[in-house]
Amino acid sequence: MTVINKMIHQLTVPTPYAVGDVHTYLLKGETLSLVDAGVNTEEAWIALVAQLKDIGYEPNDIEQIILTHHHPDHTGLIERFSQVERIIGHRNITPWIMRDEAYFKHFEDFYYHYFTLSGVPKEFQVFIERLRVPLKFSGKGELTDVIDEGDRLPGHSEFRVIETKGHAQSHLSFLNMVDGTFIGGDHLLQHISPNPIMEPPLIGETERPKPLLQYRKNITKCLDLGIRVILPGHGKIFSNLEEVVARQRAKQESRATKVLSLLRNYSHTPFQLCEQIFPRQYQLQLDLTMSETIGQLDYLEDKGLVTKTIEDGVFVYHAI
Ligand SMILES: [Zn+2]
């Protein structure tokens, strides 16, 4: 537990993921809020309760939960706080925490369809059966309040909501307009670059979001918001925003350059690129490594450096 100031405490719980611990933030104001709710494991719950107790609170004292995005390590413990009056977040969190079967089917169909188009061989498509495994660590519940860009946080009117899609299509961050404190979820992390994870078009839309382009736009947007300190979902609290954003951009651009140089040798399908860029990881983490590869292709296409054709029902990318 770390005291940020008299209004905010950082509480840290373990996760079963490679990323390690995840932070939640206790926010005092007109109401007592928890920003994010850890991961749904007994270890995380015990750690969270112990840290609340250290600062004189019990789980029952929490009046509302505010979510930065829908990933399991941020929503996990919501149903343990059964007394909360409000659960607040972006509308795109809803299908995940409500276990919307129709949405999950839409999600899986999209992955199957898009991976086929990207040249993923049939035998690798079994990974789709694993997409639901992380749900066991995810919270169940229902949003009472939908918020978006420009709104003020209920009960904490000094915090403005900043839309920060990219890592997730439900991602929001919260900026204290008085002192520049920024609760950034997984949008801005000092030590790792967040994965821009591919998600299907929203129901009723036909275009898939381009998460890497959104991510670049939204980290750049953060440079002009008067942010002074970043309270992240993982890793250290930091203030050197310009340096971190420059580093993230440079790292991404160097990955794109690698993709471009492969395409200059000869044209590739997204899957062929993925195998070459992530030779050790692609079989185990096909969704993440393909998301990253497709993200770089979206970026290069947006810059006018590559073009794609469809050959035998599969995308082939060419350097221009
Ligand atoms: Zn996340």
Side-chain angles (χ1 to χ4, degrees), residues 10-25 34-41 44 48 65-78 87-97 99 103-104 107 111 130-141 143 147 161-174 182-200 209-219 222 230-238 244-245 248 251-252 281 285-292 294-295:
Q10 182 190 59
L11 313 176
T12 304
V13 304
T15 78
Y17 297 121
V19 71
D21 294 348
V22 65
H23 305 304
T24 75
Y25 293 92
L34 195 61
V35 180
D36 282 348
V39 67
N40 189 12
T41 65
L48 189 58
I65 295 177
I66 302 161
L67 298 170
T68 59
H69 64 298
H70 71 269
H71 291 161
D73 50 338
H74 297 261
T75 65
L77 295 167
I78 51 177
I87 301 180
I88 302 165
H90 191 279
R91 70 173 65 79
N92 292 347
I93 290 176
T94 293
W96 297 96
I97 62 172
R99 301 295 192 271
Y103 182 79
F104 293 159
F107 191 93
Y111 260 84
R130 295 201 300 265
L131 284 176
R132 292 184 197 214
V133 171
L135 285 175
K136 68 170 186 258
F137 296 121
S138 170
K140 270 190 211 144
L143 290 185
I147 50 171
V161 178
I162 312 290
E163 186 254 281
T164 45
K165 287 181 183 175
H167 171 65
Q169 294 306 312
S170 57
H171 206 297
L172 298 174
S173 302
F174 311 116
F182 186 77
I183 303 179
D186 287 354
H187 180 57
L188 289 167
L189 304 176
Q190 193 192 31
H191 61 307
I192 42 172
S193 30
N195 296 305
I197 299 172
M198 201 166 65
E199 293 182 40
K210 295 190 171 160
L212 186 67
L213 300 184
Q214 291 173 320
Y215 182 70
R216 276 182 67 89
K217 185 178 107 212
N218 284 330
I219 55 174
C222 285
I230 292 107
L231 308 182
H234 306 274
K236 286 200 187 107
I237 294 166
F238 61 99
V244 169
V245 168
Q248 303 280 27
K251 202 157 140 191
Q252 183 264 311
Q281 297 122 290
Q285 294 192 300
L286 195 62
D287 49 344
L288 292 183
T289 53
M290 281 296 289
S291 281
E292 174 70 35
I294 291 165

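We count ligands from 1, going down the list as the structure has it; atoms in each ligand are counted the same way. Computed from heavy atoms alone, side chains included, the values below leave out hydrogens, waters and symmetry copies.
The distance cut-off of 2.8 Å around the Zn ion (ligand 1) captures these protein N, O or S atoms, sorted by chain and number: H69 NE2, H71 ND1, H167 NE2, D186 OD2.
In terms of modelled atom types and a separation under 3.5 Å, the side chain of Q190 and the main chain of F238 share no donor-acceptor contact. A donor-acceptor pair under 3.5 Å is formed between the side chain of E163 and the backbone N or O of K165.
Side-chain contact of D186 with H234: a donor-acceptor pair under 3.5 Å is present, judged by distance alone.
Contacts of H70 classified as ring-ring contact (aromatic ring centres under 6.0 Å, His included), with partners at least two apart in sequence or in another chain: W96. Contacts of H71 classified as ring-ring contact (aromatic ring centres under 6.0 Å, His included), with partners at least two apart in sequence or in another chain: H69, H167. By the ring-ring contact (aromatic ring centres under 6.0 Å, His included) test, Y215 is found to be paired with H187, residues two or more places apart in sequence or in another chain being considered.
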